[in-house]
Amino acid sequence: MRSGFVALLGRPNAGKSTLLNRMVGAHLAIVSNKPQTTRTRILGARNVPEGQLLFLDTPGVHRPLHRMNVRMVDAAIAAAREADVVALVVDASESTGRGTEYLIGLLSQLHAPVVLVLNKIDRMKKHVLLPVVEWFSRQHAFADIVPVSAATGDNVDRLEQVLLSHLPEGPPLYPDDYLTDQPARVLAAEMVREQVLALTRAELPFSTAVTVDRYEEPQDEDAPLVIYCSILVEEPSQKPIILGHGGAMIKAIGTAARTRIEAFFERRVYLDLHVKVRGDWRENDRMLDDLGLPKRKGS
Ligand SMILES: Nc1nc2c(ncn2[C@@H]2O[C@H](COP(=O)(O)OP(=O)(O)OP(=O)(O)O)[C@@H](O)[C@H]2O)c(=O)[nH]1
Ligand SMILES: [Mg+2]
């Protein structure tokens with residue numbers, strides 16, 4: 001048997017979270033078409049007869065402009081340093097730039113083998129993939145290169161086998177019913193944030209956070225989960241955008257999030273949303289600690 005940690009490292013929007021969810025078969029990490037969606041490291045376990053893969057989804061590596069972003073990038077690099085295998089996930093349908101070169105530069109600091117995952121091949125014609133493979137092969141001695149589509153699932157079976165082959169031999173590290181390190185209340189708050197990202201535009205996705213003010217899980221399984229969340233924005237002018245005309249936007253966010261939380265937990269949910277203005281929360285150490293973005297030692 002082989003078991004160990006696989007860090008999913010990459011630029012924002014490469015499809016790391018989509019790949020995590022595909023690999024473990026559950027919507028553990030929220031996904032959006034906006035960059036910098038994932039803010040913390042998220043563990044998702046996948047058990048196969050040959051062993052256990054412990055995926056670490058990470059925030060996309062980018063140039064940090066706020067304290068929050070410094071912590072995000074730190075969390076990603078720390079996960080890559082701790083992992084047994086690093087899967088460098090790139091959007092193969094996009095041309096490479098400085099950001100990709102910076103990431104490749106980081107790889108030399110890692111001891112673990114690095115598997116290059118060329119994602120989004122559903123958006124590409126076969127003949128354009130070959131030059132991409134050739135370019136990346138010249139940049140780093142990758143342990144393997146695997147083209148996949150996290151969205152359609154194309155070739156992810158092969159990726160699983162490749163990643164497994166690079167894990168150390170040993171028994172599973174977690175029980176076989178263990179799925180994630182994300183507490184239920186965090187999963188719920190993230191599903192609210194996912195709808196904020198899906199339904200709002202411009203700067204809002206970057207300057208919004210969701211906190212849980214109250215979370216009740218009644219023993220009686222027919223009774224709904226009770227969840228009170230606050231949507232934090234930085235500027236007073238952003239509040240009416242989240243609320244929408246006559247409260248239409250926050251209602252839409254709430255309805256969509258509730259439907260998804262209910263499907264995830266297979267249980268009725270009462271969801272209450274509030275909007276709060278918290279200027280500069282992205283620079284506030286206590287807020288960032290509470291949001292699961294702790295400062296790392298030495299950073
Ligand atoms: N066509 C296509 N789109 C994909 C694929 N994988 C992910 N996407 C889309 O790419 C966008 C970004 O996906 P995410 O999974 O959120 O990307 P990420 O790397 O986790 O991004 P960050 O959390 O911001 O670092 C979303 O709109 C996804 O639906 C794929 O294989 N094919
Ligand atoms: Mg992500």
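Atoms within each ligand, like the ligands themselves, are counted from 1 in listed order. Reckoned from all heavy atoms, side chains included, excluding hydrogens, waters and symmetry mates. If you're wondering where the values come from, they're calculated on a predicted model, not measured in any experiment.
- If you look at Ser149 next to ligand 1, the close heavy atoms, those under 4.0 Å, come from the backbone and the side chain alike.
- Protein N, O or S atom count below 2.8 Å of the Mg ion (ligand 2): the structure gives 2.
- At distances below 3.5 Å, at least one donor-acceptor pair connects side-chain atoms of Arg2 with backbone N or O atoms of Leu167.
- Among all protein heavy atoms, the one lying closest to atom 6 (N) of ligand 1 is Asn119 ND2, 3.2 Å.
- Within the 4.0 Å heavy-atom criterion, both parts of Asn13, backbone and side chain, lie near ligand 1.
- In this structure a side-chain-to-backbone donor-acceptor pair under 3.5 Å is missing from Thr18 to Ala151.
- Closest to atom 25 (O) of ligand 1, if we only count protein heavy atoms, is Lys16 NZ, 2.8 Å.
- Relative to atom 2 (C) of ligand 1, the option among Val61, Thr18, Asp122, Asp154 with the closest non-hydrogen atom is Asp122.
- Other residues, nucleotides and ligands contribute over 12 non-hydrogen atoms within 6.0 Å of the CD atom of Glu50.
- Listed by atom number, the atoms of ligand 1 under 4.0 Å from Asn33 heavy atoms are 27 (O).
- In this structure, Gly10 does not count as a contact residue of ligand 1, since none of its heavy atoms falls inside 4.0 Å of the ligand.
- Here Leu65 sits alone; no ILVMFWY side chain lies under 4.5 Å from its own, so it joins no hydrophobic cluster.
- The part of Ser32 lying near ligand 1 is the backbone, judged by heavy-atom distances below 4.0 Å.
- Nearest protein neighbour of atom 8 (N) of ligand 1, counting heavy atoms only, is Lys120 CE, 3.7 Å.
- A donor-acceptor pair shorter than 3.5 Å cannot be found between the side chains of Asp154 and Thr152.
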Check step by step if side-chain hydrogen bond (donor to acceptor under 3.5 Å, both in side chains) holds for Asp213 and Ser230. CA-CA 7 Å; Asp213 304 321; Ser230 293; 2.5 Å; yes

